[in-house]
Amino acid sequence: MPIRSFRAENFRCLESVVLDADPHYNLVYGANASGKTSLLEALAYLGRGKSFRGAPAASLVRHGAREFVLFGVVDRDGGRTSRIGVRNGRDGLEVRVDGDSTGGMAGLADALPLQVIDPDIHSLVSGGPEARRRYLDWIAFHVEHDYLAAWRRFRRALRQRNAALRAGEALDAWTSEFIAGGERIEVARRAVLARSSAALEGYSTRLLGVPVRFAYRSGWSADKTLPEAVDESLGRDRQLGSTQHGPHRGDLSLEYDERQARRLVSRGQQKLLACAMVLAAADVVQAALGRRLLLLLDDPAAELDRDSLARLLQAVFGLQAQVIATALESGAVRFPAEPAVFHVERGRLRRV
């Protein structure tokens with residue numbers, strides 16, 4: 001199972017909680033504001049080194065505490081287990097994987113690959129392109145060899161080129177590095193989308209009743225190469241002090257007809273499509289890694305009717321990931337097998 005045991009101290013309203021997880025299905029229930037979402041946020045933080053709700057670290061430390069501490073024992077490939085920990089607070093972020101503090105957030109993501117479906121998941125469809133770029137990059141991190149190194153190279157070149165633009169300095173060295181890294185990112189993202197297209201169409205058909213296709217849009221004109229686009233935009237780049245074309249402007253766009261477009265107006269339908277994207281990504285990564293992922297479901301019933309919720313849960317359980325779900329009541333989520341059930345109240349967690 002992805003995570004065997006988990007401990008959180010001084011994270012939001014959670015003073016000290018321990019979760020000994022079932023390898024398959026787990027349900028955490030309780031009233032609103034009892035700590036359910038905080039528990040999932042803490043679990044996700046352990047695998048990402050950041051909040052899936054976009055909260056800064058200072059707001060995550062329990063009132064009166066200096067820092068929060070998260071710890072987990074996780075399964076790796078080949079039957080290995082790892083001990084991973086995160087500490088954050090006034091002294092900054094500290095990450096350890098089996099005692100090693102050099103891997104950073106990438107080390108966490110490698111040790112505990114996970115995805116989250118929460119009530120704001122619809123923004124993956126309706127929101128800006130940054131979340132969709134992160135979506136592709138997460139898949140690429142796990143399935144494309146050396147993608148992390150290429151991504152870091154590209155981001156460093158982008159920062160340095162933008163700094164040189166603002167300072168009026170020479171650009172040639174950073175432009176060459178930016179283009180080399182950018183072309184690698186472009187190839188990898190397109191490869192990831194091609195690898196994921198069947199799963200994307202399959203899950204969208206199961207959840208929405210129609211296949212939705214996706215296309216990757218480069219952050220520059222389709223009739224130009226990246227070097228040509230960057231060269232043509234040099235004057236505007238200097239004027240604005242930032243690089244206007246490149247993979248940092250890319251997007252994953254939906255391709256559908258008018259009939260489908262009308263069906264994707266409601267937040268419920270947008271949520272289902274976003275869920276299809278998340279499940280497809282998890283499916284592809286699980287197959288590539290040969291290991292199960294952790295899937296966190298925060299109030300899956302939100303904004304879904306009974307039939308839509310049933311389709312979503314059927315798809316979730318078909319993935320065979322380890323699932324930790326939250327709900328207001330213990331019987332709100334029907335699992336295919338008996339789950340481990342936990343009750344949370346005022347930040348305290350107990351197994352039922």
Side-chain angles (χ1 to χ4, degrees), residues 1-6 19-26 43-49 52 72-85 95-100 102-117 134-152 184-185 187-204 206 214 275-297 313-325 335-337 339-340:
M1 56 183 168
I3 188 159
R4 291 175 176 264
S5 62
F6 172 72
L19 176 74
D20 291 318
D22 181 86
H24 301 288
Y25 306 121
N26 301 267
L43 281 158
Y45 205 106
L46 184 64
R48 294 180 174 180
F52 69 77
V73 177
V74 300
D75 281 344
R76 304 290 293 270
D77 55 309
R80 296 182 301 130
T81 60
S82 282
R83 300 164 67 88
I84 62 176
V95 170
R96 290 188 179 273
V97 178
D98 292 326
D100 183 5
T102 63
M105 290 189 288
L108 296 176
D110 182 58
L112 182 59
L114 61 88
Q115 278 289 358
V116 181
I117 292 177
R134 288 199 303 267
Y135 169 82
L136 284 176
D137 290 339
W138 181 82
I139 305 174
F141 169 80
H142 288 291
V143 306
E144 286 287 308
H145 182 63
D146 289 338
Y147 185 76
L148 178 61
W151 186 87
R152 286 173 169 169
R184 171 69 180 107
I185 297 296
V187 169
R189 284 179 177 171
R190 291 190 179 278
V192 159
L193 182 55
R195 186 170 184 166
S196 308
S197 60
L200 283 163
E201 291 187 23
Y203 279 103
S204 66
R206 292 174 66 182
F214 295 81
C275 288
M277 294 172 65
V278 169
L279 295 176
D283 199 337
V284 169
V285 170
Q286 279 193 156
L289 297 181
R291 52 190 281 218
R292 295 161 58 219
L293 271 65
L294 172 61
L295 184 60
L296 304 175
L297 296 180
L313 292 178
Q314 184 180 35
V316 164
F317 299 141
L319 187 63
Q320 298 186 345
Q322 183 185 31
V323 177
I324 301 178
F335 293 86

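Only a predicted model underlies this, so the values are computations on that prediction, with no experimental measurement involved.
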Min side-chain heavy-atom separation Asn26-Pro339 under 4.5 Å: no
Is the closest side-chain heavy-atom distance between Val278 and Tyr203 below 4.5 Å? no
Spacing of CG belonging to Asp20 relative to CZ belonging to Phe6, to within rounding of 0.5 Å: 11.5 Å
If you compare all heavy atoms of Ala282 against all heavy atoms of Trp138, which two are closest, and at what distance to 0.1 Å? N-CZ3, 4.2 Å
Of all heavy-atom pairs linking Ser204 and Glu201, the shortest is OG-O, 3.0 Å
Test item: Arg291 side-chain N/O and Asp75 main-chain N/O as donor-acceptor pair under 3.5 Å: yes
Kindly check if the number of other-residue, nucleotide or ligand heavy atoms within 6.0 Å of CH2 (Trp151) is above 12? no
Walk me through it: do Val323 and His24 pass the test side chain to side chain contact (heavy atoms under 4.5 Å, CB included)? CA-CA 6 Å; Val323 177; His24 301 288; over 6 Å; no
Any side-chain heavy atom of Pro113 sitting closer than 4.5 Å to one from Leu289? yes
Taking the side chain as C-beta and beyond, is there a heavy-atom pair between Val116 and Leu295 under 4.5 Å? no
Do Arg190 and Arg195 pass the side chain to side chain contact (heavy atoms under 4.5 Å, CB included) test, and can you show the C-alpha distance, the side-chain angles, and the key distance before you say yes or no? CA-CA 9 Å; Arg190 291 190 179 278; Arg195 186 170 184 166; over 6 Å; no
Under a 4.5 Å cut-off applied to non-hydrogen side-chain atoms, are Ile324 and Leu19 in contact? yes
Assess whether side chain to side chain contact (heavy atoms under 4.5 Å, CB included) is satisfied between Leu114 and Leu293, documenting all intermediate values. CA-CA 5 Å; Leu114 61 88; Leu293 271 65; 6.0 Å; no
Could you grab the distance from atom CG of Asp110 to atom CZ of Arg76, nearest 0.5 Å is fine? 5.0 Å
Given side chain to side chain contact (heavy atoms under 4.5 Å, CB included), test Leu296 with Ile117 step by step and report yes or no. CA-CA 6 Å; Leu296 304 175; Ile117 292 177; over 6 Å; no
Using the side-chain contact (heavy atoms from CB on, under 4.5 Å) definition, which of the options Asp283, Ile139, Val285, Val143 pairs with Ser196? Ile139
How far does CD of Gln286 sit from CD of Gln115, to the nearest 0.5 angstrom? 10.5 Å
Rounding to 0.5 Å, atoms CG (Leu43) and CZ (Phe52) come to a distance of 9.5 Å
Asp22 side chain vs Tyr25 backbone, donor-acceptor pair below 3.5 Å: yes
Out of curiosity, Phe141 CZ to Asp146 CG, how far, rounded to the nearest 0.5 Å? 11.5 Å
So, Gln322 side chain and Leu294 main chain: donor-acceptor pair closer than 3.5 Å or not? no
Please tell me if the side chains of Val74 and Ile84 come closer than 4.5 Å, counting only heavy atoms from C-beta onward. yes
Taking the side chain as every heavy atom from C-beta outward, state whether Arg189 and Tyr147 have any atom pair closer than 4.5 Å. yes
Would you check if the side chain of Arg292 reaches a backbone N or O of Gln320 as a donor-acceptor pair within less than 3.5 Å? yes
Would you give the length of the straight line joining atom CG of Leu148 to atom CE of Met105, rounded to the nearest 0.5 angstrom? 10.5 Å
